[in-house]
Amino acid sequence: MTDFTKGGRPPLIDRCDHCVKVRFNNAEWDELTRMMERADMTVKATFIKQLIFGKPFKVLTTDKNLSVYCAKLSEFFAQYRMIGVNYDLVVKTLRENFTEKKAMTLLYKLEKATLNLVRLTTDVMSLSEKFDEQWSQKSR
């Protein structure tokens, strides 16, 4: 155990005493800055050390299409839920306010619209799977 009679901060075990100065031209500086942004790093010295010593660093990219797609998909499924609620109300109203023949005619039209909605949902699901495959390939 070390005796700290002077006071202050305890000394570091592995101090960084050696300083190296590097100069960049404008093109090199721009490239370094772009690389740092892609790696989501803010400290230039740490980033350059990692490049020199071959330590791995992560490059994270954000695809704005993904967030837009997810937002639209959420809106679509919110509307899908609203259709479900309205569907129940329509069936109840048809049963209460129309004759059996007229109600069956209208229910047949409603059934056809529901089948179209099911086809549309299947298409959306297949597009989502394709988008997911494409996105997971980009992240590798």
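Below, each value reflects all heavy atoms present in this structure, side chains not excepted, and no hydrogens, waters or symmetry copies.
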Rounded to the nearest 0.5 Å, what separation is found between the [atom1] atom of [X] and the [atom2] atom of [Y]?
X: L107; Y: K102; atom1: CG; atom2: NZ; result: 11.5 Å
X: K112; Y: L115; atom1: NZ; atom2: CG; result: 9.5 Å
X: L106; Y: T93; atom1: CG; atom2: OG1; result: 11.5 Å
X: E37; Y: L32; atom1: CD; atom2: CG; result: 10.0 Å
X: T46; Y: K49; atom1: OG1; atom2: NZ; result: 6.5 Å
X: L117; Y: T122; atom1: CG; atom2: OG1; result: 9.5 Å

- Which is it for R81 and Q79 under the side chain to side chain contact (heavy atoms under 4.5 Å, CB included) test, yes or no, and what are the steps along the way? CA-CA 5 Å; R81 282 190 297 275; Q79 289 177 357; over 6 Å; no

- Message: Which residue is it: L127, T121, D123? I am looking for the one with a side chain to side chain contact (heavy atoms under 4.5 Å, CB included) to M125.
- Response: T121

- Query: Does atom CG of N26 have more than 12 heavy-atom neighbours, drawn from other residues, nucleotides or ligands, at distances under 6.0 Å?
  - Reply: no

- When you look at CG of D14, are more than 12 heavy atoms from neighbouring residues, nucleotides or ligands closer to it than 6.0 Å? no

- Task: Quick one: closest heavy-atom pair of V22 and F24, and the distance?
- Result: CG1-CZ, 3.7 Å

Does [X] share a hydrophobic cluster with [Y], counting links as ILVMFWY side-chain heavy atoms below 4.5 Å and allowing steps through other members?
X: M41; Y: W29; answer: yes
X: M35; Y: I52; answer: yes
X: M82; Y: L89; answer: no
X: Y80; Y: V85; answer: no
X: V68; Y: F76; answer: no

Contact between [X] and [Y] at the side-chain level, heavy atoms closer than 4.5 Å - yes or no?
X: L110; Y: V91; value: yes
X: K44; Y: F47; value: no
X: E100; Y: R95; value: no
X: V90; Y: L94; value: yes
X: F98; Y: T105; value: no

- Hey, can you tell me if F131 and Y69 have their rings parallel, tilted or perpendicular (30° and 60° cut-offs)? parallel

- Determine yes or no for a side-chain-to-main-chain donor-acceptor pair under 3.5 angstrom, with E28 supplying the side chain and N25 the backbone. yes

- Message: Walk me through whether E31 and R34 qualify under salt bridge (Lys or Arg N to Asp or Glu O under 4.0 Å).
- Response: CA-CA 5 Å; E31 181 63 27; R34 274 195 297 279; 3.1 Å; yes

- Sorted by chain and number, sequence neighbours left out, salt bridge (Lys or Arg N to Asp or Glu O under 4.0 Å) with R119 holds for none

